[in-house]
Amino acid sequence: MDMNSLILSPLYLSLQLALVTTTTLILLTAPLAYLLVHARFPGKSFFEALLNLPLALPPTVIGFYLLILMGPEGAAGRTWEAVTGSPLLFTFTGITLASMVYSLPFALQPMKAAFEKIDRRLLESAYVLGLTPMSAFVKVVLPNSLHGLAASAILVFLHTLGAFGVLLIVGGSIPGETRVFSIAIYEAVQSMNYREAGILSFILLPVGFLFLLLVNRLIRR
Amino acid sequence: MRMTSRFIFYILLILLTPQWVGAAERLLVGAAANYILPFKELAAAFEKKTDINVKWTFTSSGNLYSQIAAGAPYDIFLSADEQRPADLFRKNIAGKPFVYATGRLVLWSAQKDACRSKTWQGALKSNMKKIAIPNPEVSPYGAEAYSVIKGTGLWELVKPQLVFAQDTSQAFQYAVTGGAAIAFTSRSFTLSEQGKKGCYYMIEEAQLVRQAACILKKARNRNAAEVFSAFLLSPEAVAIRMRYGYE
């Protein structure tokens, strides 16, 4: 294969997947993390444990359940097909949803920590000054926890770049659609293209390292 | 701050645009791993003759089969057996299957002195190390290997030494890297660069592996799929696959 389908297409696909996953996941989990910090409701600890379950399970278990759920017979797969007319498995949308589930705890934890650190007096002043909880969240909480948001974003980004098993189960290895970087490396090893596997792996090394340095700085702040 | 957000916006814009805008005709083939070597040459020859861009995925036939049954968007399925394509045909997921190659099972080793014994059974018996075999559940070559080992009554003896690979390609790879001393795989790998450095036994007791292909009903590019299928049976394609040990 040419350079494009060998390196550029999987690289591009991985970055695309990581960006879309990060953006949607951060937007969705920010209110969720806030809720977990401030709200009290029955079954809260069960709910929180459920959200963090992807941390404790092998990727194959998550992949297996998602395969069933997103398949043509599964609830998510059937609904999606009824609405859009196309299947969910083996598509970019499918692996995006899968990596969102897979990275959920990584989005949740740093944000929760950041929200917990915010001085309650700040919030109280905001309420006294007449802000609704919603606008207090947007105008006071978010600006004061940017480093937490950034740490979440980078962790999710990296975790998605590194995802493999879940994506292989849910996405297969469709070139230009679901053959992301990690899967391209696996296939290169499988077909004994060690040179190709070496090049691909070496590209990812500095990326991971750089982002981790960044996370470190953000957390220390 | 404004510079940064603008920068981020452009990156997002680039990355969120679909990748295949304006791409030429594209054909997606899911092929059994044993066919990897001839297939790469076939695809290159085909792309030279037509405007159709061939993309592929190699894995075990069983893996491809279950992906296709779950709706994977391949246009053509090149299986390593006749049963799986026939099954897809019966379920109305694919069109009528046709045989595109006939392969043979071999026992290969990277070490030439592993083949000192006269027969492959002898080589198996004298071997004390790991033996790689493609998973019989998903690989037709693995299933064939399983039945000949069973047939010679060696199963109980070699069972503790077996390592199960996902497909023929991985079984061969195990033996190349030395993880296994010998491997059951498809003959085509013995004709590769690394394959020629080792030695092998042809397993005469094994059935010829008749490999069938089918065009999927959901193929996005039916015309291209038909042109490619016809090409697979053309004299040019036959010449290529013969060089890799397929009849």
Side-chain angles (χ1 to χ4, degrees), chain A residues 1-2 4-6 8-24 66-68 70-74 77-78 80-81 86-92 94 96 146 150 153 168-179 183-184 186-194 197, chain B residues 1 8 11-21 23 26-31 33 35-37 39-40 43-44 47 53-60 63-64 66-75 93 165-177 189 192-195 218 220:
Chain A
M1 273 195 248
D2 51 318
N4 177 46
S5 38
L6 213 67
L8 293 183
S9 164
L11 181 63
Y12 186 91
L13 210 54
S14 266
L15 290 176
Q16 202 173 16
L17 178 70
L19 263 176
V20 177
T21 305
T22 309
T23 324
T24 21
L66 288 174
L67 183 74
I68 301 296
M70 286 161 54
E73 307 293 316
R78 250 201 337 250
W80 182 262
E81 196 151 0
S86 55
L88 204 48
L89 280 184
F90 312 107
T91 62
F92 185 76
T96 307
L146 279 181
L168 190 63
I169 294 179
V170 174
S173 169
I174 314 291
E177 179 86 29
T178 62
R179 182 181 287 164
I183 291 176
Y186 173 71
E187 299 225 311
V189 175
Q190 282 287 296
S191 49
M192 280 185 301
N193 273 324
Y194 286 175
Chain B
M1 191 66 193
I8 291 173
I11 290 188
L12 279 175
L13 193 71
I14 293 167
L15 284 171
L16 294 181
T17 33
Q19 202 184 151
W20 295 107
V21 177
R26 201 160 79 92
L27 193 66
L28 184 59
V29 184
Y35 215 53
I36 194 164
L37 298 167
F39 190 87
K40 282 185 174 171
E47 281 180 340
N53 187 236
V54 184
K55 302 269 168 198
W56 60 76
T57 298
F58 293 112
T59 177
S60 67
N63 194 6
L64 285 168
S66 42
Q67 286 187 356
I68 288 166
Y74 298 106
D75 297 311
I93 296 175
Q166 264 188 32
D167 50 42
T168 46
S169 169
Q170 197 179 47
F172 177 63
Q173 184 203 351
Y174 284 172
V176 169
T177 53
F189 292 108
S192 67
E193 206 179 302
Q194 280 139 323
K218 282 204 304 192
R220 278 175 292 195

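In what follows, chains carry the letters A, B, and so on, assigned in the order in which the sequence lines appear, proteins first and then strands, with residues in each chain numbered from 1.
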At a 4.5 Å cut-off on heavy atoms, which part of B:Thr177 comes close to chain A: side chain, backbone, both, or neither? side chain

Over all heavy atoms of both residues, which pair between A:Gly172 and B:Gln67 is shortest? Give the atoms and the distance, please. CA-NE2, 3.5 Å

Under 4.5 Å from any heavy atom of chain A, what part of B:Glu47 do you find: side chain, backbone, both or neither? neither

Comparing A:Gly171, A:Gly77, A:Gly71, A:Pro72 against chain B, the one with the most heavy-atom pairs below 4.5 Å turns out to be A:Pro72

Here the pair of heavy atoms bringing A:Pro87 nearest to B:Lys218 is CG-NZ, 4.3 Å

Can you tell me how far the CG atom of A:Leu168 sits from the CG atom of B:Asn63, to the nearest 0.5 Å? 7.5 Å

For chain B, which of A:Ile174, A:Leu67, A:Val189 has the most heavy-atom pairs under 4.5 Å? A:Ile174

Among residues at least two apart in sequence or on other chains, which ones pass side chain to side chain donor-acceptor pair (under 3.5 Å) with A:Glu187? A:Ser173, A:Arg179

Residues passing the side chain to side chain donor-acceptor pair (under 3.5 Å) test with A:Ser86, sequence neighbours excluded, are A:Thr84

Taking B:Ser169, B:Ala72, B:Gly71, B:Ser192 one by one, which has the highest count of heavy-atom pairs under 4.5 Å against chain A? B:Ala72

